[in-house]
Structure formats: structure tokens, C-alpha cells
Amino acid sequence: MPELPEVETTKRFLSRKIVGKTIKKIEVLSTKQLIGDTKLVINRKILGIDRRAKILIVCLENKIFLLIHLKLTGQLVYSGSSGEREVVFGHPIPLAGGNVLPGRSTRIVIYFNQGILFFNDLRKFGWIKIAQNSKVKDQNLEKLGTEPLSKDFTPKLLAKILSRSRRPIKLVLMDQEKIAGIGNIYANDTLWEAGINPRKPANQVKRVKELCLAIKKVLKEGIKYGGSSTDDEAYIKPDGTPGQYQYQARVYQRDGQPCRQCGTLIQRTKISNRGTFFCPKCQK
DNA sequence: AGTATCCTGGAA
DNA sequence: TTCCAGGATACT
């Protein structure tokens, strides 16, 4: 999905709804997006949900895990109003946000003893992997970098990471093997918050302490506002309603609008083919 | 370090 | 008809 704040929002919502419930059935409508043996999870109870970077980790009984990555357009939407049903496609469920499920981009449906979880993904890049005895789990998580909201993520560590690369700072912030969970939205906004130009070579960045604080501040704000929903086919919260961070965005998708600090028009460019937004006056 | 690629659909 | 999109990886 979406990025750390969106996955964290999803994790918190789903934790309240599905922990303690038992998976009764999984319907796979897009075969290549479900990796592993679905039989492993049937009749297993959910013990808890974790997040690592942008990956959601559903922990089941017997050391079975469901790893979920929503990539660009994944959504997890929960409906508690219905129990197990044989044919959900004959019985659309209305949601708070005005959507109806299952929809045209519904790819996987997970039925609990009470409630249904829909995995929607327009572009089909996302996946759900079933891991046993931590094997697949470790494989997917071992290369990830430091969690930016952990206490391990200090200005000192960030300085070390930045000193090792001459790539544009924005790309280093988005490198999951260095810092885990920042994507395009929050990389753009973090750099505005710290007053750093996204093209600045990482090893030339001087305001490291400010950048470290900006990363934590912007990500926490993303979580506080329930993530960013800029397009209704992309991220929405598990209750079907949109997040609110997009209204707080510093620069992301604000090209042509005035900088919140100096009024200069926000510019748009490309770095490594990704849309990049910045204030030419505030970010040097 | 840069580019192509997995997909789909809406906008320009 | 072409371009664009929140991600990540496998290639030159």
C-alpha cells in the first residue's frame, strides 16, 4: 500500500476487528497474488497483527503467518456485518465510504467465523503470502532497513546512512533496505519539512538532525490523519472511508499551489521517473 | 546508476 | 492515443 502510515492505520483498525477470530475460508480471484497453501490457514485463529515497513504480518496459531503487501493500489476492507457466505458476489455489501463490495478490483476474500476481509487491488501488484515456521516471513523481512519511528532511528544513524551514498536524498529516503516504510508521498513532504532539495546528493545533506525529526514528525502526522487517500481506487481505510492526510500535505501533488511557508508556487519534476514536488525557495 | 516490468483505468 | 499513478525487483 501505500506507505508506512497507511499500513499502520490498517494494522490498528484490523487489530481491533479480527484478532481472536478464525479464518474459515479464502476465495482467490487473482491466482498469482496469493502465494502459498491456503489450506494452512483454515480454522486457525488470529493471534495478532504486526507491521514491518509496508508489510502487514498477520500472526496465526501454530506459527503460520499471512504477509500482506498492498503495493500501489491495494486495499484491505473489512465488513463485520455479514458472516460466512457462499456467494458474496450475489450479495454486494455497502460500505461507509459509499463503495460496495465485492467490487471490480476485489482479488482475494477472507472469511472469518464472523466478518469478511476484502483484498482489493486494481493494478494487481500486491500480494498475500502464506508463511509457515517463519521461512517465507524471514525471507521477506530480512533485508529491510531501520523502522523510522523506532528509537533506533537517530540522527547519528541517519548521518551514517546518508554519508554512504551520492544518490539524490529522496531516493535514499525511499530505499527500503536503508529506511523501511517511506514512499513517494512522505519522502516529498519530509524533505519540504526539513528544507532540503530532493535532488541534493545524500552525502552532502547537512541538516541531518532536522531531517531525522522531519521524518518522524511527518510519518506520525500521516498516522494521526489515518493515511493519505488521493484517489478512490487506491488507499482507503479498512472501514471504507478515506484517510485525511492529503489535506495536510506539504508539497505532494500540490504543484502550482503556493508553498505553505513562503507562497512560492510548488514545482513538479521527476527523479528516477517518480513524481517529485518541492518548493524551489524553501528547499536548497 | 538508470531502465524495463508486473497490471489496470482514468486523464490529457 | 499517449501518459500517468502510492512499489519493488530484475535487468543492462
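Quick note on labels: first sequence line is chain A, next is B, and so on, each numbered from 1.
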Novice: Using the C1' atom in both, what is the distance from dG9(B) to dT9(C), to the nearest Å?
Specialist: 24 Å
Novice: Does dG7(C) have OP1 or OP2 sitting under 4.0 Å from an N or O in the side chain of K54(A)?
Specialist: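 Checking K54(A) against dG7(C): at least one side-chain N or O falls below 4.0 Å of OP1 or OP2.
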Novice: Honestly, is K24(A) close enough over Y111(A), meaning NZ or CZ under 6.0 Å from the six-membered ring centre and within 45° of the axis?
Specialist: no
Novice: Does OP1 or OP2 of dA5(C) have a side-chain N or O of R268(A) closer than 4.0 Å?
Specialist: yes
Novice: Take atom P in dC3(C) and the same atom in dA4(B), then report the distance between them in whole Å.
Specialist: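 Going atom to atom, P in each nucleotide, I get 12 Å.
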Novice: Using only side-chain N and O atoms of R274(A), determine if any of them is under 4.0 Å from OP1 or OP2 of dG6(C).
Specialist: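 The answer is yes; a side-chain N or O of R274(A) sits under 4.0 Å from OP1 or OP2.
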Novice: Looking at K124(A), I'd like to know whether one of its side-chain N or O atoms comes within less than 4.0 Å of OP1 or OP2 on dT8(B).
Specialist: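 Yes, such a contact exists.
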Novice: For F125(A) and dG7(C), say yes or no: do the ring centres fall under 5.5 Å of each other while the ring planes differ by less than 30°?
Specialist: yes
Novice: Measuring only the P atom in each nucleotide, how far is dT3(B) from dC4(C)? A whole number of Å is fine.
Specialist: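 Those two atoms are separated by 14 Å.
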Novice: How many whole angstroms separate atom CD of E6(A) from atom C1' of dG7(C)?
Specialist: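 One finds 13 Å between C1' of dG7(C) and CD of E6(A), rounded.
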Novice: Indicate, with a heavy-atom threshold strictly under 4.0 Å, whether S228(A) touches base, sugar-phosphate, or nothing.
Specialist: base
Novice: Distance check: side-chain N/O of K32(A) vs OP1/OP2 of dC7(B), anything under 4.0 Å?
Specialist: yes
Novice: May I have the distance from D175(A) (atom CG) to dG2(B) (atom P), rounded to whole angstrom?
Specialist: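 From D175(A) CG to dG2(B) P: 14 Å.
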Novice: What's the CG-P distance between L29(A) and dT8(B), to the nearest Å?
Specialist: 14 Å
Novice: What integer distance in Å separates R52(A):CZ from dG7(C):C1'?
Specialist: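 So the CZ-C1' distance, R52(A) to dG7(C), works out to 16 Å.
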Novice: Are any of K270(A)'s side-chain N or O atoms less than 4.0 Å away from OP1 or OP2 of dC4(C)?
Specialist: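 Result: yes.
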Novice: Report the nucleotide, chosen from dT3(B), dA1(B), dG6(C), that has the shortest atom-to-atom distance to any side-chain atom of R167(A).
Specialist: dA1(B)
Novice: Return the value, rounded to whole Å, for the distance between atom CZ of R104(A) and atom P of dC7(B).
Specialist: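 Rounded to whole Å, this separation is 18 Å.
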Novice: Tell me the interatomic distance from R123(A), atom CZ, to dC3(C), atom P, rounded to whole angstroms.
Specialist: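 Whole-Å distance recorded here is 15 Å.
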Novice: Over all heavy atoms of both residues, which pair between Y235(A) and G243(A) is shortest? Give the atoms and the distance, please.
Specialist: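 Taking Y235(A) first and G243(A) second, the nearest heavy atoms are CE2-N, 4.4 Å.
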Novice: Among L101(A), L95(A), L14(A), exactly one meets side chain to side chain contact (heavy atoms under 4.5 Å, CB included) together with Y78(A). Which residue is that?
Specialist: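 Only one option passes, and that is L14(A).
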Novice: Testing Y245(A), Y252(A), W192(A), F277(A) for ring-ring contact (aromatic ring centres under 6.0 Å, His included) with Y186(A), which one passes?
Specialist: Y245(A)
Novice: Just how far, in rounded Å, is P of dG6(C) from CG of N188(A)?
Specialist: 9 Å
Novice: Check every atom of dG7(C), dT3(B), dG9(B) against the side chain of L122(A) and return the nucleotide holding the closest atom.
Specialist: dG9(B)
Novice: Can you establish whether the number of heavy atoms outside K137(A) located under 6.0 Å from its atom NZ is more than 12?
Specialist: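 Above 12, so yes.
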Novice: To the side chain of Y252(A), which of dG6(C), dC6(B), dA8(C) is closest?
Specialist: dG6(C)
Novice: When both hydrogen-bonding distances must be under 3.5 Å and the geometry is Watson-Crick or G-U wobble, what is dC3(C) paired with, if anything?
Specialist: dG10(B)
Novice: Is H69(A) close enough to dA8(C) that one of its side-chain N or O atoms is under 4.0 Å from OP1 or OP2 there?
Specialist: yes
Novice: Work out how far the P atom of dA8(C) is from that of dG10(B), and round it to whole angstrom.
Specialist: 25 Å
Novice: Salt bridge between K224(A) and E8(A), side-chain N to carboxylate O under 4.0 Å?
Specialist: no
Novice: Rounded to whole angstrom units, what separation is found between the CG atom of L4(A) and the P atom of dA8(C)?
Specialist: 11 Å
